[in-house]
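Because only heavy atoms are used, hydrogens play no part in the values below, and waters and symmetry mates are left out as well, while side chains stay in.
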Amino acid sequence: MNIPEISVIMPVYNAESYLKESIQSILNQTYTNFELIICDDGSTDRSLEIIQAFRDERIRVIRNEQNLGIPLTLNRLIEACLGKYIARQDSDDISLPKRLEKQARFLEKNPQVGLCGTNFITFGHKNIRRLMPQKDEEIRAFLLINNPICQPTIMVRKTCLTKPYDQAYDLSEDYAHGYELSKITKLANLPDVLLKYRWHGTNISLTKEQIMIENANQIRANIFRETLGYDITEQETRLLRLATDSNLTDLNQLVLLEKFLKNIQLKNKISVYYNEQALNNLSFHFWASACMKFKGIGQAKKIRLMMKSELFSGSSLLHDLSFRHLRTVFLNLMQKSNTKTEVLT
């Protein structure tokens, strides 16, 4: 029996509208030594029929008799994997042809890295090119604010999957999983756009948004407590949410955000958990994004606010410019385009 190098896992629930195209995007990969394991999570539409219509020996199908949800379905899929590497594919997304090839090559060349994600582009209701932090120290720092790994883009070493997805964090299980992996291995995101993420208005994260937010807040609070010895307050959590969603409208909120970000830097000087430059870059990146997206004031004042802060430094500015943050923000503010470019905030 030929043991595949890569196991691609796909959880499916009532995905008949997009499933065929998603499966085909994996079968069309330039890298061919893989198995595609699909778990139908108790679908009530034509999903199972569509899956079974494919005649490709690389496809294996399992089925949940009832709907178990994403975390339990992912755990069942992982248990069935034979490959050295496990890649995630969602049932409504499209992997570009060289995705598996590029991720496998990267992991082969970088044995210290256990998980590799990629940049991606959304399509459908929203057309956005998303740029993710690439280096391990940057990703670790970003976990304090948000999930810096797009779960449908990941490829991970099977040996690193020592803990299952946690059902308690349903809809934010990927955030918790990424943090757990960061404790035992290095993480990376490739700079290439290798996945098209379908935005169709019925994504789980939109229909159950409040549950996702509450679970993400619990995970974030745990990360702050474990890495910095910092008990993040409800006000600070709300402030982060407003800044992330570009909903800061009060200058006092900007003042509080600046104080909070400086507090994080001070806490890290004690815990020494995060790379200091990476954390400083994150603080400035988040601060610059909040200033540039602040509503109700002109561009010149936004720039002055950004640059007069103690969070501002020449090295962090250069890092952000190299990360194309300020440039993309300016471009998106100054011109209309069908596809925006966004850096994760």
Side-chain angles (χ1 to χ4, degrees), residues 15 17-18 21-22 25 87-99 102-103 116-135 138-139 142-143 145-155 171-172 174-175 178 187-209 212-213 216 240-249 281-282 284-295 299 302 319-345:
S17 298
Y18 314 112
E21 188 176 16
S22 182
S25 76
R88 170 86 177 267
Q89 170 76 12
D90 280 357
S91 58
D92 51 358
D93 298 334
I94 299 171
S95 287
L96 299 184
K98 291 190 176 182
R99 176 193 164 188
K102 289 188 174 184
Q103 288 184 285
C116 170
T118 79
N119 287 334
F120 64 98
I121 188 167
T122 69
F123 71 108
H125 287 194
K126 290 185 179 182
N127 299 316
I128 301 170
R129 184 178 290 102
R130 295 302 302 269
L131 305 181
M132 315 298 281
Q134 296 173 22
K135 297 179 181 179
E138 297 170 340
I139 294 170
F142 251 99
L143 282 164
I145 305 296
N146 212 332
N147 185 6
I149 302 163
C150 176
Q151 187 71 188
T153 73
I154 67 167
M155 182 179 288
L171 303 180
S172 289
D174 52 342
Y175 190 7
L187 314 176
N189 280 314
L190 297 185
D192 313 67
V193 171
L194 295 176
L195 182 103
K196 295 173 69 176
Y197 179 94
R198 191 186 301 272
W199 200 286
H200 44 70
T202 56
N203 303 66
I204 290 176
S205 58
L206 295 177
T207 57
K208 299 181 179 179
E209 185 177 18
M212 183 184 70
I213 290 171
L240 284 179
R241 185 72 193 174
L242 288 172
T244 300
D245 292 343
S246 306
N247 285 329
L248 293 179
T249 55
N281 289 342
L282 167 70
F284 174 72
H285 166 79
F286 201 72
W287 171 249
S289 178
C291 289
M292 297 308 297
K293 293 178 180 179
F294 189 78
K295 299 174 181 178
Q299 297 299 323
K302 290 178 181 181
H319 179 270
D320 241 29
L321 287 171
S322 68
F323 198 33
R324 291 179 286 177
H325 169 65
L326 294 179
R327 184 177 66 170
T328 55
V329 170
F330 275 120
L331 285 175
N332 290 333
L333 286 170
M334 299 299 183
Q335 64 186 26
K336 292 183 178 179
S337 172
N338 289 332
T339 302
K340 286 186 175 182
T341 298
E342 287 189 355
V343 177
L344 181 68
T345 51

Euclidean distance, F123 CZ relative to W199 CH2, rounded to 0.5 Å
12.5 Å
Is any side-chain heavy atom of L194 closer than 4.5 Å to a side-chain heavy atom of F120?
no
Hey, is the main chain of P148 close enough, under 3.5 Å, to the side chain of N189 for a donor-acceptor pair?
yes
Side chain to side chain, E138 and M132, heavy atoms closer than 4.5 Å
no
With rounding to the nearest 0.5 Å, note down the distance linking CD1 in I139 to CD in Q134.
8.5 Å
Can you give me the closest heavy-atom contact between P152 and D90, atom names plus distance?
CG-OD2, 3.4 Å
CZ/F294 to CG/L248 distance, rounded to the nearest 0.5 angstrom?
6.5 Å
Derivation of the side-chain contact (heavy atoms from CB on, under 4.5 Å) call for L143 and Y175:
CA-CA 8 Å; L143 282 164; Y175 190 7; 3.8 Å; yes
Look up atom NZ in K302 and atom SG in C291, then write down how far apart they are to the nearest 0.5 Å.
9.5 Å
Separation of S25 OG from L195 CG (nearest 0.5 Å)
7.5 Å
F286 side chain reached by L240 side chain, heavy atoms, under 4.5 Å
yes
Pair R130-I121, side-chain contact (heavy atoms from CB on, under 4.5 Å): steps then yes or no:
CA-CA 6 Å; R130 295 302 302 269; I121 188 167; over 6 Å; no
Side chain to side chain, T118 and V193, heavy atoms closer than 4.5 Å:
no
Who pairs with Q151 by side chain to side chain donor-acceptor pair (under 3.5 Å), at least two apart in sequence or on another chain?
R88, Y165
What's the spacing between I213 CD1 and K208 NZ if we round to 0.5 Å?
14.5 Å
side-chain contact (heavy atoms from CB on, under 4.5 Å) with T249: which residues, sequence neighbours excluded?
Q253, K295
Minimum heavy-atom distance C116-Q103, with the two atoms named:
O-NE2, 2.8 Å
Can N119 and D192 be said to form a side-chain contact (heavy atoms from CB on, under 4.5 Å), step by step?
CA-CA 6 Å; N119 287 334; D192 313 67; over 6 Å; no
Identify, with sequence neighbours excluded, every residue that meets side chain to side chain donor-acceptor pair (under 3.5 Å) alongside S95.
Q89, R99
Considering only heavy atoms from C-beta outward, does the side chain of Y18 approach that of D93 to under 4.5 Å?
no
Set of side chain to side chain donor-acceptor pair (under 3.5 Å) partners for K196, sequence neighbours left out:
none
Does some side-chain heavy atom of S22 sit less than 4.5 Å from a side-chain heavy atom of I94?
no
Begin with the C-alpha distance, continue with both residues' side-chain angles, and end with the deciding distance and a verdict on side-chain contact (heavy atoms from CB on, under 4.5 Å) for D174 and I149.
CA-CA 8 Å; D174 52 342; I149 302 163; over 6 Å; no
